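Both backbone and side-chain heavy atoms feed into the values below; hydrogens, waters and symmetry mates do not. Not measured: the values here are computed from a predicted model.
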Amino acid sequence: MRLQKLYACLILACALVVSVRPASGQQNFDNVQIETIPVSDNVYMLVGSGGNIGVSIGDDGTFIIDDQFAPLTEKIKAAIAAITPNPVRFVMNTHWHGDHTGGNENMGNGGALIVAHDNVYERMSTEQFRDANNTTPPSPKAALPVVTFAEDVSFHINGGTIHGIHVPHAHTDGDALIHFQEANVIHMGDTFFAGRFPYIDLGSGGSIDGVISAVNRALAIVNDDTKIIPGHGPLSTPADLRTYRDMLTKTRASIMQLVAEGKTLEDVQAAKPVADYESWGAGFINMERYVEIVYTDLSSR
């Protein structure tokens, strides 16, 4: 069984490395368009390539959550300039992955103060080893968070409070939920993949249980009118988030039952324990890959 677990972990590491490495060197962004979606009076969601961006505008300056890939920075700035004349003053990263932090260096060099959890700084400032042929090098100094926090952080800006809350060992070990309190909006980063299976980065401290806990933490904050910005997927509602939570808990239970019975990964894949949610595999994490991630997580304990 130990050999089977080791084999599963090695296969998973090779399969997932592309998902956590910045893709700007390989991907053509020329045709990417930045879509601006109003969320509340002064909060917007920008959709392009990579993680969804949250934007708060007002007299105090522009506050954004995540910044996608470096080649998109000018398009992102143009989209922001269309809704406010004020430059980006703060960038808050929900976690360390390149599709959320790739624009940090450009934004930092442009004068923005970058904020993130302590573990985001640790991962971005050091080489992240995946296997002998795949590593993520340290980020340039201008891309690194200047301000970090351990548990939570608050910004009193643009007539309201923006509260960042660390949710441990979820998508990674450095995830944060960002709550625009007066606007009644939550940006969940990659703890929420709306309508699709999530990518859980086990190599960066993520876990299925931590994702479920993060979702429950958000659900404890929301009311029926809350708007939810997912890391990937469309603008969502608390009902959407509850549906996501139900999917996570039910599929975890199904896979855990098979793990407890001593089944191999091949046995679990053949049993199709999440077949009821096959339609959730339309994103870049298909059903088989999701099962592999959760199996590897649960069987390694």
Just by distance, do the side chain of [X] and the backbone of [Y] share a donor-acceptor pair under 3.5 Å?
| X | Y | value |
| --- | --- | --- |
| Gln68 | Gly102 | no |
| Asn42 | Gly58 | no |
| Gln181 | Thr161 | no |
| Ser139 | Leu144 | no |
| Lys141 | Ser125 | no |
| Asn104 | Asp67 | no |
| His117 | Ala150 | yes |
| Ser236 | Pro234 | yes |
| Asp297 | Ser207 | no |
| Asn158 | Asp60 | yes |

Indicate whether the side chain of [X] and that of [Y] have a donor and an acceptor atom separated by less than 3.5 Å.
| X | Y | value |
| --- | --- | --- |
| Asp175 | Thr191 | no |
| Thr264 | Asp267 | yes |
| Thr243 | Asp246 | no |
| Asn223 | Thr226 | yes |
| Trp96 | Ser204 | yes |

Side-chain heavy atoms of [X] within contact of [Y], under 4.5 Å:
| X | Y | value |
| --- | --- | --- |
| Val211 | Ile200 | yes |
| Thr251 | Val294 | no |
| Met188 | Pro230 | no |
| Leu248 | Arg252 | no |
| Ile285 | Pro198 | no |
| Asn31 | Gln33 | no |

Just jot down the side chain to side chain contact (heavy atoms under 4.5 Å, CB included) partners of Val153, sequence neighbours excluded, or say none. Met92, Phe149, Phe155
Residues which pass side chain to side chain contact (heavy atoms under 4.5 Å, CB included) with Ala82, listed by chain and number, not counting sequence neighbours: none
Working note: Thr94 + Asp66, criterion side-chain hydrogen bond (donor to acceptor under 3.5 Å, both in side chains); need CA distance, chi angles, decisive distance, verdict. CA-CA 7 Å; Thr94 59; Asp66 293 338; 2.7 Å; yes
Check whether [X] and [Y] end up in the same hydrophobic cluster, where Ile, Leu, Val, Met, Phe, Trp and Tyr are linked by side-chain heavy atoms less than 4.5 Å apart.
| X | Y | result |
| --- | --- | --- |
| Ile34 | Ile80 | yes |
| Ile186 | Val167 | yes |
| Trp280 | Ile208 | yes |
| Ile221 | Leu235 | no |
| Val91 | Phe63 | no |

Kindly give the heavy-atom pair with the smallest separation between [X] and [Y], and that separation in Å.
| X | Y | answer |
| --- | --- | --- |
| Ala143 | Ile114 | O-CD1, 3.8 Å |
| Glu127 | Pro138 | N-CG, 3.7 Å |
| Met107 | Thr73 | CE-CG2, 4.1 Å |
| Gly233 | Arg196 | CA-NH2, 3.6 Å |
| Asn52 | His187 | O-NE2, 2.9 Å |
| Asn86 | Gly61 | CB-CA, 4.2 Å |

Worked check of side chain to side chain contact (heavy atoms under 4.5 Å, CB included) between Ile212 and Thr249: CA-CA 7 Å; Ile212 293 170; Thr249 56; 3.9 Å; yes
Near [X] [atom1], under 6.0 Å, is it more than 12 heavy atoms from other residues, nucleotides or ligands?
| X | atom1 | value |
| --- | --- | --- |
| Asn216 | CG | yes |
| Tyr44 | OH | yes |
| Glu278 | CD | no |
| Asp59 | CG | no |
| Glu151 | CD | no |
| Arg245 | CZ | yes |

Working to the nearest 0.5 Å, report the span between [atom1] of [X] and [atom2] of [Y].
| X | Y | atom1 | atom2 | answer |
| --- | --- | --- | --- | --- |
| Glu288 | Lys272 | CD | NZ | 5.5 Å |
| Ile293 | Leu298 | CD1 | CG | 11.5 Å |
| Thr172 | Leu202 | OG1 | CG | 11.5 Å |
| Ser40 | Phe180 | OG | CZ | 8.0 Å |
| Asn106 | Ile76 | CG | CD1 | 9.0 Å |
| Glu292 | Ile255 | CD | CD1 | 11.0 Å |

Verify side-chain hydrogen bond (donor to acceptor under 3.5 Å, both in side chains) between Asp118 and Thr148, making sure each step is shown before the conclusion. CA-CA 5 Å; Asp118 293 339; Thr148 64; 2.8 Å; yes
Which residue is it: His171, His95, His97? I am looking for the one with a side-chain hydrogen bond (donor to acceptor under 3.5 Å, both in side chains) to Asp201.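 Result for side-chain hydrogen bond (donor to acceptor under 3.5 Å, both in side chains) with Asp201: His97.
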Given the options Tyr290, Phe284, Tyr277, Phe197 meets ring-ring contact (aromatic ring centres under 6.0 Å, His included) only with Tyr290
Looking at Arg301 and Asp209, is any side-chain nitrogen of the basic one under 4.0 Å from a carboxylate oxygen of the acidic one?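 Looking at Asp209 and Arg301, the cut-off is met.
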Not counting sequence neighbours, list each pair that qualifies as a ring pair (Phe, Tyr, Trp, His ring centres under 6.0 Å) and has a residue in residues 202-254. His100-His232, Phe192-Tyr244, Phe193-His232
